[in-house]
Amino acid sequence: MSILSGLDPHPVWHYFEEICRIPRLSRNEAEIRAYLLNFARIHHLDAREDKAGNVLITKPSAKGFENRKTVVLQSHMDMVGEKNADFPHDWLKDPIVPRIEGGWVTANGTTLGADDGIGIAAQMAILLSEELKSGKIECLFTVDEESGMTGAASLKPGFFDGNILINLDSEDEGILFIGCAGGTDTVGKLRYIRVPSPSDVITLEISITGLMGGHSGDEIHKGFGNSIKLMTRILLDLSKHSKITLHQMNGGNLRNAIPREAFALISTKSSEIKKIKKRIEYFRSIFSEEFGDLERDLKITVEETVTPRYTMDSDDQNRLLHALNCCPHGVLAWSKEMDNLVETSTNLASVHFGPGNVLNIVTTQRSSLESSKHDAAQMTESCFRLAAAKVTHSGGYPGWKPNLRSEILTITRKSYNDLFGKEPLVRAIHAGLECGLIYEKFSGIDMISIGPTIKGAHTPLEKIEIKTVRMFWDLLLHILNNIPEKDQ
């Protein structure tokens, strides 16, 4: 039974709900790609696929509008899969279950996938729209945006014809984005020695849950807690006040999400248990004071559990904890040119014990300045190298430099004013958009990014504001109906 059928505009919500039923994590887009290609076949639309798996579906010019400029609408097929730790969900087969909550659509226990499922849905509705009177529309659906932007990086000249591109991956209605930050990943691999666990110890599992998390670009400036940094503070403090050994520490999942949860297994003498629980209670109070209402759902729990056979060597334990404590996280610099725009940041995204006695620490750096992005990555690398970790940099992508003289910006501003009677904001975004890679590959392309309002992207709190989807749809139609004729 349809949950969203009563929402307006109906075509957009209809396709969005269909998309919610299709598993589409990054690098697992086969089902959503087949769905799009089948949609093109059913509706007799030209479609093509490149070697990377990107899909292009073309809507021909309306009769009498053949001389209008071609426009490319662009979104990404994949989504971030985050869920609450206690929520059962198999990302390879289970559908997302949307629900209406007040004026918003959200999901049960998982990310909603409005980033960028709503962009896909809008493209599909445009491809079948009979009220649209425009030139040729090319709908570009890219793969793997969330984990590396490899789809955009693999685009080849000639895959599409248009020289105007509207990216549908923004999350703030009323803001037109004309630039974005570039980014890179810095990964530390720390080898450690395993030693047999002492026989006369008690093992505790410490859990930090309930943090807001959020998108490491859009929300890095909001001051949300980082579960890995908080867990590190606790473990360093316990190692100074008590004799503890660390068996495991895991936190975070995705390179572009602020980690919401972290878990650690430690062992200690029974005589130290009372002191350790008292210190953890102290940190509950400290974190509550530091975050206030910002992290009202933060929980720290301690439970006794079975002692694993092995634990970390004490020297390696110290190297790990000090490296994580040293590793920067958050805003490093604000833009000198645009108000309230983060220029440079870094995100300590995840730490996991892997096979072969190797700890994997993943971080992401972003900046609108290439030199500052490199400097932030080097700063992070230094922390890891001091701990004797092997360091690699990967996932680099360029920024998108704003152009205030852009033709599509002029058209979009006028459309917004005509429809809503007010001026939109024009900004750059600290998050990475595929526009940077597309601009690098298609010289001279004129681009803008728009979207409805989405909150909590990359977390199970993700939600999309219903009324802004109508505004987004009306704006998109108005823009496309007012694209000028080709230059003679």
Side-chain angles (χ1 to χ4, degrees), residues 3-20 59 71-76 98-107 112-134 137 139 164-180 215 218-219 406 408-429 431 433 435 447-457 461-483:
I3 298 168
L4 308 180
S5 59
L7 299 183
D8 179 56
H10 174 73
V12 177
W13 289 111
H14 167 76
Y15 287 117
F16 179 72
E17 191 163 9
E18 285 198 353
I19 291 162
C20 284
K59 178 185 180 75
V71 176
V72 183
L73 303 181
Q74 187 261 323
S75 69
H76 59 85
R99 72 175 192 271
I100 299 171
E101 197 172 90
W104 301 78
V105 172
T106 186
L112 174 64
D115 173 15
D116 191 20
I118 201 68
I120 300 172
Q123 286 169 288
M124 296 175 73
I126 284 291
L127 285 166
L128 298 186
S129 173
E130 295 182 358
E131 59 183 303
L132 182 63
K133 302 299 179 184
S134 71
I137 305 294
C139 288
I164 297 172
L165 184 142
I166 303 175
N167 170 275
L168 307 178
D169 191 25
S170 292
E171 300 171 3
D172 297 278
E173 193 286 319
I175 303 179
L176 314 181
F177 290 101
I178 60 169
C180 70
H215 192 292
D218 286 346
E219 299 180 291
S406 156
I408 191 60
L409 171 61
T410 300
I411 294 168
T412 305
R413 290 177 81 161
K414 185 177 186 308
S415 287
Y416 194 92
N417 203 315
D418 289 348
L419 285 169
F420 309 120
K422 58 182 179 180
E423 280 290 323
L425 297 175
V426 178
R427 293 194 60 193
I429 189 171
L433 292 172
C435 296
M447 298 185 294
I448 198 164
S449 181
I450 61 173
T453 296
I454 298 172
K455 300 292 185 184
L461 299 176
E462 181 185 7
K463 60 183 181 178
I464 183 168
E465 192 173 18
I466 294 167
K467 70 178 182 180
T468 65
V469 174
R470 174 81 251 184
M471 298 172 74
F472 165 59
W473 174 249
D474 289 344
L475 179 61
L476 187 56
L477 284 175
H478 200 283
I479 294 167
L480 295 175
N481 280 325
N482 286 278
I483 296 295

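From a predicted model like this one, the values you see are computed outputs, not experimental measurements.
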*Asks:* Quick check: closest heavy atoms across Ile464 and Pro452, and the distance to 0.1 Å?
*Replies:*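 Closest approach of Ile464 to Pro452, heavy atoms only: CD1-CG, 3.7 Å.
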
*Asks:* Tell me the closest heavy-atom pair linking Trp13 and Ile466, and the distance in Å.
*Replies:*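 Heavy-atom minimum between the residues: CZ2-CA, 4.1 Å.
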
*Asks:* State which residues pass side-chain contact (heavy atoms from CB on, under 4.5 Å) with Ala428; sequence neighbours excluded, sorted by chain then number.
*Replies:* Met338, Leu341, Pro402

*Asks:* Less than 4.5 Å apart, side chain to side chain, heavy atoms only: is that true for Leu132 and Ile137?
*Replies:*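 Yes, side chains in contact.
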
*Asks:* Looking at Thr106, is its backbone amide N or carbonyl O close enough to the side chain of Lys463 to form a donor-acceptor pair, meaning the two atoms are under 3.5 Å apart?
*Replies:* no

*Asks:* Kindly give the heavy-atom pair with the smallest separation between Ile450 and Ile479, and that separation in Å.
*Replies:*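 Nearest heavy atoms, Ile450 then Ile479: CD1-CD1, 4.2 Å.
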
*Asks:* Could you pull out all residues at least two apart from Leu461 that satisfy side-chain contact (heavy atoms from CB on, under 4.5 Å)?
*Replies:*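 If we apply the side-chain contact (heavy atoms from CB on, under 4.5 Å) test to Leu461, skipping adjacent residues, the hits are Met212, Thr459.
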
*Asks:* Applying side-chain hydrogen bond (donor to acceptor under 3.5 Å, both in side chains), can you list everything that pairs with Asp169, at least two apart in sequence or on another chain?
*Replies:*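 If we apply the side-chain hydrogen bond (donor to acceptor under 3.5 Å, both in side chains) test to Asp169, skipping adjacent residues, the hits are His76.
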
*Asks:* Is the shortest heavy-atom distance from the side chain of Leu4 to the side chain of Val105 under 4.5 Å?
*Replies:* yes

*Asks:* Applying salt bridge (Lys or Arg N to Asp or Glu O under 4.0 Å), name anything that partners Glu219, two or more places apart in sequence or on another chain.
*Replies:*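 Result, salt bridge (Lys or Arg N to Asp or Glu O under 4.0 Å) vs Glu219: Lys222.
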
*Asks:* Which pairs, with at least one residue in residues 414-425 and sequence neighbours excluded, count as a salt bridge (charged side-chain N to carboxylate O under 4.0 Å, His left out)?
*Replies:*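 Non-adjacent pairs meeting salt bridge (charged side-chain N to carboxylate O under 4.0 Å, His left out): Arg413-Glu423, Lys414-Asp418.
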
*Asks:* Got Ile164 and Ile448 here, is their nearest side-chain heavy-atom distance under 4.5 Å?
*Replies:* no

*Asks:* What's the shortest heavy-atom distance between Ala114 and Phe16, and which atoms?
*Replies:* CA-CE1, 3.7 Å

*Asks:* Tell me, please, which residues at least two apart from His478 pass ring pair (Phe, Tyr, Trp, His ring centres under 6.0 Å).
*Replies:*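 Not a single residue meets the ring pair (Phe, Tyr, Trp, His ring centres under 6.0 Å) criterion with His478.
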
*Asks:* State which residues pass salt bridge (Lys or Arg N to Asp or Glu O under 4.0 Å) with Arg470; sequence neighbours excluded, sorted by chain then number.
*Replies:*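 Scan of Arg470 (salt bridge (Lys or Arg N to Asp or Glu O under 4.0 Å), adjacent residues dropped) gives Asp8, Asp474.
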
*Asks:* List the residues meeting side-chain contact (heavy atoms from CB on, under 4.5 Å) with Ser406, not counting sequence neighbours, and say none if there are none.
*Replies:*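 Partners of Ser406 under the side-chain contact (heavy atoms from CB on, under 4.5 Å) test: Asn403, Ile408, Leu409, Asp446.
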
*Asks:* Please tell me if the side chains of Glu131 and Leu477 come closer than 4.5 Å, counting only heavy atoms from C-beta onward.
*Replies:*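 Touching, per the 4.5 Å side-chain cut-off.
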
*Asks:* Does Ile175 reach the side chain of Val426, with side-chain heavy atoms less than 4.5 Å apart?
*Replies:* no

*Asks:* Judged by atom type as modelled, is there a donor-acceptor pair below 3.5 Å linking the side chain of Arg427 to the main-chain atoms of Phe177?
*Replies:* no

*Asks:* Could you list the residues that satisfy ring pair (Phe, Tyr, Trp, His ring centres under 6.0 Å) with Tyr416, not counting sequence neighbours?
*Replies:*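 By the ring pair (Phe, Tyr, Trp, His ring centres under 6.0 Å) rule, Tyr416 matches Phe420.
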
*Asks:* According to side-chain hydrogen bond (donor to acceptor under 3.5 Å, both in side chains), who are the partners of Glu462, at least two apart in sequence or on a separate chain?
*Replies:*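 With neighbours one apart ignored, the set is empty.
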
*Asks:* List the residues meeting side-chain contact (heavy atoms from CB on, under 4.5 Å) with Thr453, not counting sequence neighbours, and say none if there are none.
*Replies:*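 Applying side-chain contact (heavy atoms from CB on, under 4.5 Å) to Thr453 gives Trp104, Glu173, Lys455, Glu465, Thr468.
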
*Asks:* Answer yes or no: is there a donor N or O on one side and an acceptor on the other, between the side chain of Glu171 and the main chain of Ala457, under 3.5 Å?
*Replies:*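 No, Glu171 side chain to Ala457 backbone: no donor-acceptor pair under 3.5 Å.
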
*Asks:* Could you pull out the closest heavy-atom pair between Ser5 and His10, with the gap in Å?
*Replies:*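 Smallest heavy-atom distance, with atoms named: O-ND1, 3.4 Å.
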
*Asks:* Between the side chain of Asn167 and the main-chain N/O of Cys435, is any donor-acceptor distance below 3.5 Å?
*Replies:* no

*Asks:* Considering residues at least two apart in sequence or located in another chain, which fulfil the side-chain hydrogen bond (donor to acceptor under 3.5 Å, both in side chains) criterion with Thr412?
*Replies:* none

*Asks:* So which atom in Asn481 and which in Ser134 form the shortest heavy-atom distance, rounded to 0.1 Å?
*Replies:*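 Closest approach of Asn481 to Ser134: OD1-N, 4.4 Å.
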
*Asks:* For the pair Ser129 (side chain) and Ala125 (backbone), establish whether a donor and an acceptor sit closer than 3.5 Å, ignoring hydrogens and angles.
*Replies:*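 A pair under 3.5 Å: no.
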
